[in-house]
Amino acid sequence: MGAAEALIQTALVGEAVDAGPALVFVADEEMQYVAVNQCACDTLGYSREELLRLHVTDVARGRTSSTEYDEMLARGSRTGVSTLTTKDGRELTFEYRATQTRVAGLLLFVAIGFVADR
C-alpha cells in the first residue's frame, strides 16, 4: 500500500469510528483522555474539548474504576462493565473491551464499547 492509500485508509477509518455507534475513548498512562469519538461526546453530554480535559476516573467514577484501570495497565487489556457518569450526573452502564497500543511511540489505551442504558 502506498502512502496515499495509507492516508486515505487512516482518514476513512477515523471518520467511520468518529461517526460510528460505539463509544471510543483513548487515554494515556496517566488516565488522561487524549482522543474520544463523537458518540462518546453525545452519549455523555460533553463537547470533545471538555472530555479531553478529563481523566478516566472523572467519567468512570465507580469505586473500582481506578483499580480496573491499573489492572488494564498491568495486563495490557481488559474486558468488563463500568458505570459512566454523564455531564448532567446520570449513570450509564458501559460494556467495553480495552487494550493498549503504541502510536508514534506513545503508550495509549483504547476502550471501545456500548452503553446498555441508551
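Each residue takes its place number in the sequence, starting with 1.
No continuous path of hydrophobic side-chain contacts links V81 to F114 [ILVMFWY only; heavy atoms under 4.5 Å].
Considering CZ of R97 and CD1 of I112, their distance stands at 10.0 Å, rounded to 0.5 Å. The CG atom of N37 sits 7.0 Å away from the CZ atom of R48 when rounded to the nearest 0.5 Å.
Aromatic pair Y46/Y33: ring centres not closer than 6.0 Å.
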Which pairs of donor and acceptor atoms, one on a side chain in residues 50-58, lie under 3.5 Å apart (sequence neighbours left out)?
{"from": "E50", "atom 1": "OE1", "to": "S47", "atom 2": "N", "distance (Å)": "2.8"}
{"from": "E50", "atom 1": "OE1", "to": "S47", "atom 2": "OG", "distance (Å)": "3.4"}
{"from": "E50", "atom 1": "OE1", "to": "K87", "atom 2": "NZ", "distance (Å)": "3.3"}
{"from": "E50", "atom 1": "OE2", "to": "K87", "atom 2": "NZ", "distance (Å)": "2.7"}
{"from": "H55", "atom 1": "NE2", "to": "Q32", "atom 2": "OE1", "distance (Å)": "3.1"}
{"from": "D58", "atom 1": "OD2", "to": "H55", "atom 2": "N", "distance (Å)": "2.7"}

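Contact of the Y96 side chain with the R78 side chain is registered, since non-hydrogen atoms from C-beta on lie closer than 4.5 Å. Considering only heavy atoms from C-beta on, D28 stays 4.5 Å or farther from L106 through its side chain. In this structure, the side chains of L84 and F25 come closer than 4.5 Å at one or more pairs of heavy atoms.
C41 and V36 make their closest contact through SG-CG2, 3.8 Å (heavy atoms, listed as atom of the first residue, atom of the second, distance). In this structure, A22 and C39 approach most closely via the heavy-atom pair O-CB, 3.4 Å. Shown here for L107 and E29, the closest heavy-atom pair between the two residues is CD2-OE2, 3.4 Å.
Within a 6.0 Å sphere centred on CZ of R61, heavy atoms belonging to other residues, nucleotides or ligands number more than 12.
For the pairing with L92, the side chain to side chain contact (heavy atoms under 4.5 Å, CB included) check across T85, T43, L23 returns one residue only, T43.
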